[in-house]
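Notes for the one structure printed next.
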Protein chains: 2
Amino acid sequence: MNSENVYDQSIAILKKNKVRITPQRQIILKYLINHHNHPSVETIYEALANDFSNLSMATVYNTLRLLEDLNIIIQLPNKDGGVRFDFFGEPHFHAICENCGKITDIKYPKYSQLDQELRDITSQQDPGFKPTKSKIEVYGLCKDCQAKLNHK
Amino acid sequence: MNSENVYDQSIAILKKNKVRITPQRQIILKYLINHHNHPSVETIYEALANDFSNLSMATVYNTLRLLEDLNIIIQLPNKDGGVRFDFFGEPHFHAICENCGKITDIKYPKYSQLDQELRDITSQQDPGFKPTKSKIEVYGLCKDCQAKLNHK
DNA sequence: ATACATGCAAACTATTTGCAAAAGA
DNA sequence: TCTTTTGCAAATAGTTTGCATGTAT
């Protein structure tokens, strides 16, 4: 699926949920679709504020929460405070370096299958719980940090 | 494994890493082993400050970070700011309600197997990355919140 | 003995909030 | 039109830090 389709599909989700398509929401959504750098709120704000004056942090926060609630993006923990975001088009999980905080996308062909299994088990053990999504993270040390830490 | 063994085993990990066994660390660790309420920093502080005067928030923060770094406890996201913690004796994952933030432990017999698979895939796709742990969360709506939201 | 840990309070920073003005539908 | 959204600035809350004191080993 190309990024145009992905964008249109996301906009459709917004419309279905009766939220207004504002320019701010459009550029933030586009930014997230086109950048796979797992940006923080501030990274997004700084990248867009130049071309789009009068963009406020509050709006970035609002939009990100909205997109996350609609399962268009997911939130990732950030090593030193704050959070980061990732457009969640193709299901994948994340490898996170415990030393530098670097986040890498890990594609997993069997993700949907695993997701279904996790939901089933959850519903079994917590009757009545209605799962909407699952999130997986693998923590460890990235290549660079291993090298750095060995030199000490 | 009973809670005495779990405690001794955790203390052994602390000793192996040459951190001092202070009374503060002991009572915080014991609290986490004996309470499966996924406490916040403040919950832990308030529960212990009564019997242990002069306990400071800073020490609770320090200790929790230490225990997390040593993979004795894991950190969980909290709905409205802050984080929560869980002693990670038997591997399990968590069901988190998106509406009220309630966290439930979900036991998964095949967890170690899945954990191994996730690590392998991560190492394959991010050569050089050295995994230390994985974390899985299933988000959704708990039974109570579904009922509440339907009444609206 | 001495390096490490603690307690306190102040500092910091990410995030939220209230409200008037702006603008989608 | 009229409800939702935005921008701004102030407020809030979670977490960290600096340093003198205390303590585990």
Side-chain angles (χ1 to χ4, degrees), chain A residues 10-31 38-70 72-85 101, chain B residues 10-31 38-70 72-73 75-85 98 101:
Chain A
S10 301
I11 292 291
I13 294 174
L14 295 181
K15 284 184 177 163
K16 197 176 70 185
N17 284 275
K18 289 168 189 158
V19 300
R20 295 183 179 172
I21 312 300
T22 64
Q24 291 86 343
R25 285 173 177 167
Q26 293 179 57
I27 57 166
I28 292 169
L29 177 55
K30 278 181 184 163
Y31 180 89
H38 311 99
S40 66
V41 179
E42 200 159 1
T43 300
I44 297 170
Y45 174 76
E46 286 175 356
L48 300 177
N50 292 332
D51 300 318
F52 196 97
S53 56
N54 286 344
L55 177 66
S56 74
M57 285 291 279
T59 298
V60 179
Y61 274 103
N62 282 338
T63 302
L64 291 171
R65 186 194 301 161
L66 173 71
L67 295 175
E68 207 213 342
D69 286 347
L70 297 176
I72 293 171
I73 63 175
I74 65 167
Q75 206 182 78
L76 301 168
N78 194 16
K79 210 183 120 42
D80 303 306
V83 290
R84 296 168 68 178
F85 294 88
Chain B
S10 301
I11 291 291
I13 295 173
L14 295 182
K15 283 183 178 163
K16 197 176 68 184
N17 283 276
K18 288 169 189 155
V19 301
R20 295 182 179 172
I21 313 301
T22 64
Q24 290 88 343
R25 286 173 176 168
Q26 292 180 57
I27 57 166
I28 292 170
L29 177 56
K30 278 181 184 163
Y31 180 90
H38 311 100
S40 66
V41 179
E42 199 158 1
T43 300
I44 296 170
Y45 175 76
E46 284 175 358
L48 300 177
N50 292 331
D51 300 319
F52 196 96
S53 56
N54 284 344
L55 177 66
S56 74
M57 285 291 278
T59 298
V60 178
Y61 274 102
N62 281 338
T63 303
L64 291 170
R65 184 194 303 162
L66 173 71
L67 295 175
E68 207 212 343
D69 286 347
L70 297 175
I72 293 171
I73 64 175
Q75 206 182 77
L76 301 168
N78 195 16
K79 210 184 122 41
D80 303 306
V83 290
R84 297 168 68 177
F85 294 88
E98 287 168 323

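The chains referred to below are lettered A, B, ... by the order of the sequence lines, with proteins before strands, and numbering in each begins at 1.
- For the OP1/OP2 pair of dA24(D) and a distance below 4.0 Å, the side-chain nitrogens and oxygens of R25(B) include no atom meeting the criterion.
- To the nearest angstrom, P of dA22(C) lies 23 Å from CD1 of I21(A).
- Comparing dG7(C), dT15(D), dT16(C) by their closest approach to the side chain of Y61(A) singles out dT16(C).
- Straight-line distance from the CG atom of N78(B) to the C1' atom of dA13(D): 12 Å, rounded to whole Å.
- Results of the side-chain contact (heavy atoms from CB on, under 4.5 Å) test with F85(A) over I73(A), L76(A), N78(A) single out I73(A) as the only residue that passes.
- Looking at which nucleotide of DNA chain D each of M57(B) and Q24(B) is closest to, the 5′-most match is held by M57(B).
- Spacing between atom CD of Q75(A) and atom P of dT15(C) amounts to 8 Å, rounded to whole angstrom units.
- Nearest heavy atom pair, residue P39(B) against residue Y31(B), reads CG-CE2, 3.8 Å.
- Taking atom CD of Q26(B) as the reference point, atom C1' of dT23(D) lies 13 Å away to the nearest angstrom.
- Counting to the nearest Å, the P atom of dA14(C) and the NZ atom of K79(A) are 15 Å from each other.
- Atom CZ in F85(A) sits about 13 Å away from atom P in dA14(C), given to the nearest Å.
- Using modelled atom types, one side-chain atom of R25(B) and one backbone atom of R20(B) make a donor-acceptor pair closer than 3.5 Å.
- Look at R65(B) and you won't find any side-chain N or O under 4.0 angstrom from OP1 or OP2 of dT15(D).
- With dA5(C), dG7(C), dG14(D) as the choices, the nucleotide that has an atom nearest any side-chain atom of V19(B) turns out to be dA5(C).
- Counting only heavy atoms from C-beta on, T22(B) has its side chain closest to dA24(D) among dG7(C), dA24(D), dT6(D).
- With the nearest nucleotide of DNA chain D identified for both K15(B) and G81(B), G81(B) has the one nearer the 5' end.
- Minimum atom distance to the side chain of F52(B) is reached by dG7(C), of the listed dG7(C), dC8(D), dT16(D).
- Closest to the N54(B) side chain, of the nucleotides dT15(C), dG7(C), dC8(D), is dG7(C).
- Considering only side-chain atoms of A58(A), the nucleotide from dG7(C), dT17(C), dT5(D) that sits closest is dT17(C).
- Nearest heavy atom pair, residue I28(B) against residue V60(B), reads CD1-CA, 3.9 Å.
- Between N62(B) atom CG and dG18(D) atom P there is a gap of 13 Å when expressed in whole angstrom units.
- Formation of a donor-acceptor pair under 3.5 Å by the T59(B) side chain with backbone atoms of L55(B) is not found in this model.
- Separating the CD1 atom of I44(A) from the P atom of dT15(C) is a distance of 11 Å, rounded to the nearest angstrom.
- With R84(A) contributing its side chain and H38(A) its backbone, the two residues share a donor-acceptor pair below 3.5 Å.
- The V83(B) side chain lies nearest to dT15(D) when the options are dT15(D), dA14(C), dT6(C).
- For dT3(D), its base sits under 3.5 Å from the side chain of R20(A) at one donor and acceptor pair at least.
- Listed candidates were dG7(C), dG7(D), dT16(C). Nearest to the side chain of T59(A) is dG7(D).
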